[in-house]
Amino acid sequence: QVQLGESGGGLVQAGGSLRLSCAASGRTFFSYAMGWFRQAPGKEREFVAAISWTGDSTYGAESVKGRFTISRDSAKNTMYLQMNSLKPEDTAVYYCASGMEGITALSRGGVDFWGKGTLVTVSS
């Protein structure tokens, strides 16, 4: 089992920045690909970004490329999502996720463990 806990959500104006954190505990953190998904009100959960267990490879959705950066610190068992130039359409609950099959599989929904989510609200 892997337990995931998100933090860092909140209210920010359009154009602003936030950094989300995901702290992992339980089974070995470094062997899992990690990522972020989000779910806006009335919409399905969608993939945002993923990072390999080595941290060498990342992959992001087109909608966030150039604005969001994913990273991980294995020594701290923590993953981050730096979100810049936020837009009102980025408003959603952001979920941390982990998967054993790699970042491509994770981006397609291959998730073994989920966090409970943290709310990000971007005002216009």
Side-chain angles (χ1 to χ4, degrees):
Q1 281 290 89
V2 174
Q3 291 79 44
L4 304 173
E6 304 93 336
S7 62
L11 174 64
V12 63
Q13 288 188 332
S17 299
L18 280 176
R19 189 176 81 155
L20 304 183
S21 299
C22 173
S25 61
R27 294 186 63 183
T28 308
F29 170 70
F30 68 79
S31 63
Y32 287 82
M34 302 287 293
W36 294 92
F37 288 74
R38 66 186 182 185
Q39 187 167 18
K43 295 187 177 181
E44 294 187 351
R45 191 173 299 188
E46 65 175 2
F47 169 74
V48 176
I51 187 167
S52 64
W53 70 271
T54 61
D56 293 340
S57 298
T58 61
Y59 176 63
E62 287 297 323
S63 59
V64 305
K65 283 184 178 178
R67 301 189 298 123
F68 292 8
T69 302
I70 189 171
S71 62
R72 67 191 293 170
D73 184 338
S74 295
K76 296 182 178 180
N77 286 353
T78 303
M79 176 182 64
Y80 305 97
L81 185 68
Q82 178 66 43
M83 305 186 294
N84 299 327
S85 301
L86 283 161
K87 305 175 181 179
E89 51 263 43
D90 294 317
T91 295
V93 176
Y94 284 71
Y95 296 92
C96 176
S98 65
M100 296 185 66
E101 301 303 320
I103 60 174
T104 300
L106 190 144
S107 72
R108 296 171 180 172
V111 175
D112 294 301
F113 302 101
W114 292 98
K116 294 183 178 181
T118 185
L119 177 62
V120 172
T121 304
V122 184
S123 62
S124 57

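Below, each value reflects all heavy atoms present in this structure, side chains not excepted, and no hydrogens, waters or symmetry copies. Worth saying up front: this structure is predicted, and the values here are computed from it rather than measured.
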Is there a side-chain contact (heavy atoms from CB on, under 4.5 Å) between Val93 and Phe37 once you walk through the steps? CA-CA 8 Å; Val93 176; Phe37 288 74; over 6 Å; no

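To the nearest 0.5 Å, atoms NZ (Lys43) and CD (Glu89) are separated by 8.5 Å. Atom OG of residue Ser25 and atom CD of residue Gln1 lie 10.0 Å apart, to the nearest 0.5 angstrom. The SG atom of Cys96 sits 12.0 Å away from the OH atom of Tyr80 when rounded to the nearest 0.5 Å.
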Would you be so kind as to tabulate the donor-acceptor pairs closer than 3.5 Å made by side chains of residues 110-124, with sequence neighbours excluded?
from   : atom 1 : to     : atom 2 : distance (Å)
Asp112 : OD2    : Met100 : N      : 2.8
Thr118 : OG1    : Gly9   : N      : 3.2

Distance-only criterion, 3.5 Å: show the donor-acceptor pairs between side-chain atoms of residues 14-22 and protein atoms not counting sequence neighbours.
from  : atom 1 : to    : atom 2 : distance (Å)
Ser17 : OG     : Asn84 : OD1    : 2.9

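With Arg72 contributing its side chain and Ala33 its backbone, the two residues share no donor-acceptor pair below 3.5 Å. With hydrogens and angles disregarded, a donor-acceptor distance shorter than 3.5 Å links the side chain of Ser52 to the backbone of Gly55.
With a 4.5 Å cut-off on side-chain heavy atoms, Leu4 and Met34 count as touching. The side-chain heavy atoms of Tyr94 and Glu6, taken from C-beta on, include no pair separated by under 4.5 Å. For the pair Tyr32 and Leu106, the minimum side-chain heavy-atom distance is 4.5 Å or more. Contact annotation: the side chain of Val12 never approaches that of Met83 to less than 4.5 Å [non-hydrogen atoms, C-beta and beyond]. Counting only heavy atoms from C-beta outward, the side chains of Ile51 and Met79 approach each other to under 4.5 Å.
Residues Val2 and Ser98 come closest through the heavy atom pair CG1-OG, 4.3 Å. Among all heavy-atom pairs drawn from Ser63 and Arg38, the shortest one is OG-NH2, 3.6 Å. Annotation for Leu81 and Ala49: closest pair CD1-CB, 4.3 Å, computed over non-hydrogen atoms.
Under the 4.5 Å side-chain heavy-atom criterion for ILVMFWY residues, no single connected hydrophobic cluster contains both Val64 and Phe47. Note on Tyr95 and Trp36: separate hydrophobic clusters, where clusters join Ile, Leu, Val, Met, Phe, Trp and Tyr whose side-chain heavy atoms are under 4.5 Å apart, directly or indirectly.
Counting non-hydrogen atoms of other residues, nucleotides and ligands closer than 6.0 Å to CD of Glu46 gives a total above 12.
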